Amino acid sequence: MKAVENAKSLKGKRVLLRADLNTENLKDSYKVHRAINTIKFLVRKGAIVIVASHKGKPHGKRVEKESLKSTASALRKLLKKPVQFLPEWDFAELEVAIKRGRPGKIFLLENLRFNRGEEENDHTFAHRLAGLADMYVNDAFASCHRAHASVEAITNYLPSYAGLLLMEEVENLSKVMKSPKKPFTLILGGGKAADKFAVIEKLYPKVNKILVGGVLANTFLFAAGQNVGQSVVDESLLHHIKPWLKKKKIVLPVDFEFGPHGKIYDLGRKARQEFLQIIRKSQTVVWNGPVGYFEQQEFRKGSEMIARAITKKGIYSVVGGGETGTLIEEMNKQNSVSFLSTGGGAMLAFLAGKKMPGIDALRRKKYIS
């Protein structure tokens, strides 16, 4: 996988940059702030930058609330440079506009998912998209677990590179998979129980402890015959989980705080104390998913405790997932964790050793532009 920093002269080159700007909170989103580094790099090198991203799930139709028009305004403010928004998917018009661009010019295309071909990984759409540029840079780690046209198929038609953020994501996540400092603690909460269980299966030999919260904890506890009230349980996992109930590295909450409708909403006091003691002894911590319903102040205790604990000196902390990232930002600790991943599902897929179409496509490239 070639890094864009190793590309030959970029001056005057039209570079299609696949970024991940899929967020509602443009002003404060760490995703957007992290995306601008590669844009700045390309501008400094004299490239003509064509930024492409998706937003929401419009399923191939134009949905005005999912337009990237407001994203263009946010980028202008962050970059302190003009950003020309191209609002229509008319390739003839796009080509004319982009050909007028001079070195350092920044364009932003409309939401990729307004085209059906994007999510279908359609090669015709990818080929037309590639026709706008001289080279391609993927900086959208959070989308790399999806085989979409602007992530995978497009690499068949252009010299293709990894952006600064994508390289940073791969390097940091590879580090904790291959050579983590021990004791190594894995913390999994939130939803997507099946995806998180896959991470347990992959990393179990490498970790010292696995602290489990959220839907996955509910499912473990239910499989063990404990009362979880009306809490969400992933019943499809029950037969997979039962053989893991006696695994000594897995630590489940010993008590909880219940919210409305008899659902588990947070770790209990004893569980928080047990989790804290394990984290304090750790040198590496990977965390994906809050352990409580943090959107309500009274159920943030467990997740806030983890956030404070993993940012102590001596702990190499890698945090990911949209909700976890939001919590870290709300606590103003985004600069205190060792690495804050922009991926949620992508981070889980990478850690579970699953196929990453966006990254695999870049690794298959055999030439340098």
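What you see is a predicted model; the values in this text were computed from it and never measured.
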### Lys312 (side chain) donor-acceptor with Arg280 (main chain) under 3.5 angstrom
no
### pair Lys202-Leu351: side-chain heavy atoms closer than 4.5 Å
no
#### Entry: Geometric class of the Phe91/Trp89 ring pair [parallel <30°, tilted 30-60°, perpendicular >60°]
tilted
### Summary
The reported gap from OG in Ser53 to CG in Leu75 (rounded to nearest 0.5 angstrom) is 9.0 Å
### Query
For the side chain of Lys301 and the backbone of Glu298, is there at least one donor-acceptor N/O pair under 3.5 Å apart?
yes
### Task
Kindly determine whether Thr219 and Asp234 satisfy side chain to side chain donor-acceptor pair (under 3.5 Å), including the steps that lead there.
CA-CA 6 Å; Thr219 307; Asp234 188 336; 5.9 Å; no
### Task
Supply the atom-to-atom distance Glu119 CD to Arg113 CZ, rounded to the nearest 0.5 angstrom.
4.5 Å
### Query
Checking Asp266 side chain against Glu257 main chain: does a donor-acceptor pair fall under 3.5 Å?
no
### Query
For the side-chain hydrogen bond (donor to acceptor under 3.5 Å, both in side chains) test, which of Glu66, Arg18, Arg146, Glu118 pairs with His54?
Arg18
#### Entry: From Lys206 atom NZ to Ser179 atom OG, the distance as rounded to the nearest 0.5 Å
8.5 Å
## Note on the structure
When every non-hydrogen atom of Ser303 is compared with those of Trp287, the smallest separation belongs to O-CH2, 3.5 Å
### Message
Under a 3.5 Å distance rule, please check whether Lys249 uses its side chain to pair with a backbone N or O of Val207 as donor and acceptor.
### Response
yes
### Query
Can any side-chain N or O of Ser160 pair as donor or acceptor with the backbone N or O of Leu158 at less than 3.5 Å?
yes
### Message
One thing to verify: whether Glu330 and Arg300 come together as a salt bridge, which I'm taking to mean a side-chain N less than 4.0 angstrom from a carboxylate O.
### Response
yes
### Apart from Tyr265 itself, residues in the same hydrophobic cluster as defined by side-chain heavy atoms under 4.5 Å
Tyr293, Phe299
### Message
Would you compute the distance between atom OG of Ser73 and atom CZ of Phe85 and round it to the nearest 0.5 angstrom?
### Response
9.0 Å
